[in-house]
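Heavy-atom basis, side chains included; hydrogens, waters and symmetry copies ignored.
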Amino acid sequence: GEFSSDGVFLATCSVDGDVVLWDAQQHSKLTVLQGHSEDVFGIAISSDCATLASCSNDKTLRIWDVKKPHKKIKKNKPFSEIATIENPAAVIGVNISPDTFTI
């Protein structure tokens, strides 16, 4: 798993294809990001805590809008997928540059 740089949430990934966001203070589940069809191998959270990238055995890298997760939950707004990038093979690692411009 990976904590957001502001300590607000933790993101975890699993073999069921889900990425889960957790409230780091309350130790409770905020939401589940669904989209991968196979094991999720890695996740990265941008330094501004607005973007999460996930990579999977399903040969995709998915980019998610995760800014202000508590506001989204309170207003019942979905966590949207910004992009899906397909690869010819499984994607086994991901990182986001500190300036957030490169994944």
Side-chain angles (χ1 to χ4, degrees):
E2 184 170 331
F3 281 97
S4 59
S5 62
D6 60 6
V8 170
F9 65 92
L10 166 71
T12 59
C13 56
S14 66
V15 296
D16 64 5
D18 291 341
V19 175
V20 180
L21 297 186
W22 302 88
D23 183 310
Q25 310 301 316
Q26 301 296 318
H27 308 280
S28 59
K29 187 184 294 186
L30 288 171
T31 194
V32 178
L33 305 176
Q34 297 176 316
H36 289 291
S37 60
E38 295 186 32
D39 305 0
V40 179
F41 292 136
I43 49 176
I45 302 169
S46 62
S47 59
D48 63 2
C49 307
T51 306
L52 181 143
S54 57
C55 62
S56 172
N57 195 41
D58 68 4
K59 303 177 185 176
T60 65
L61 171 73
R62 295 181 185 269
I63 304 167
W64 308 87
D65 173 4
V66 295
K67 68 182 150 226
K68 300 183 180 171
H70 290 87
K71 269 190 175 177
K72 280 186 169 65
I73 298 290
K74 283 181 184 174
K75 293 182 177 183
N76 204 23
K77 289 188 175 181
F79 288 78
S80 58
E81 185 177 330
I82 298 169
T84 299
I85 301 164
E86 295 185 12
N87 194 53
V91 185
I92 58 171
V94 64
N95 205 345
I96 301 175
S97 64
D99 65 7
T100 73
F101 292 116
T102 306
I103 296 177

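- Taking CG from Asp99 and CG from Asp48, the interatomic distance works out to 10.0 Å, rounded to the nearest 0.5 Å.
- Of all the heavy atoms in Ser47 and Thr100, the pair that sits closest is OG-CG2, 3.5 Å.
- His36 pairs with exactly one of Asp18, Asn57, Asp58, Asp16 by the side chain to side chain donor-acceptor pair (under 3.5 Å) rule, that one being Asp58.
- Surrounding NZ of Lys72 are more than 12 heavy atoms belonging to other residues, nucleotides or ligands, all under 6.0 Å away.
- The shortest heavy-atom contact between Ile92 and Cys55 is C-SG, 3.8 Å.
- Listed for the Gln25 side chain is a donor-acceptor partner under 3.5 Å among the backbone atoms of Gly7.
- Of the possible polar contacts, none joining the Glu81 side chain to the Arg62 backbone as a donor-acceptor pair under 3.5 Å is found.
- Contact record, Val15 with Asp39: O-OD1, 3.0 Å, taken as the closest heavy-atom pair.
- Of all the heavy atoms in Leu52 and Ala11, the pair that sits closest is CD1-CB, 3.5 Å.
- Contact of the Thr31 side chain with the Val66 side chain is not registered, since no non-hydrogen atoms from C-beta on lie closer than 4.5 Å.
- Across all non-hydrogen atoms, the minimal contact from Ile103 to Ala53 is CG2-CB, 4.2 Å.
- The cluster map of Ile, Leu, Val, Met, Phe, Trp and Tyr, joined by side-chain heavy atoms under 4.5 Å apart, puts Leu30 and Leu10 in different clusters.
- Cluster annotation: Val8 and Leu33 are assigned to the same hydrophobic cluster (Ile/Leu/Val/Met/Phe/Trp/Tyr, side-chain heavy-atom contacts under 4.5 Å, transitive).
- Ser4 places a side-chain N or O within 3.5 Å of a backbone atom of Phe9 that can act as its donor or acceptor partner.
- Separating the OG atom in Ser14 from the CD1 atom in Ile43 is a distance of 10.0 Å, to the nearest 0.5 Å.
- For Ile82, the CD1 atom sits in a packed shell: over 12 heavy atoms of surrounding residues, nucleotides or ligands are nearer than 6.0 Å.
- For Trp64 against Gln34, the heavy-atom pair with the smallest separation is CH2-O, 3.3 Å.
- In the hydrophobic clustering of this structure, Ile63 does not group with Val19; members are Ile, Leu, Val, Met, Phe, Trp, Tyr whose side-chain heavy atoms approach within less than 4.5 Å, directly or through other members.
- Checked options Val91, Leu61, Thr60, Val40; the residue passing with Ser54 is Val40 (criterion: side chain to side chain contact (heavy atoms under 4.5 Å, CB included)).
- The closest donor-acceptor contact from the side chain of Ser28 to the backbone of Asp23 lies at 3.5 Å or more, if one exists at all.
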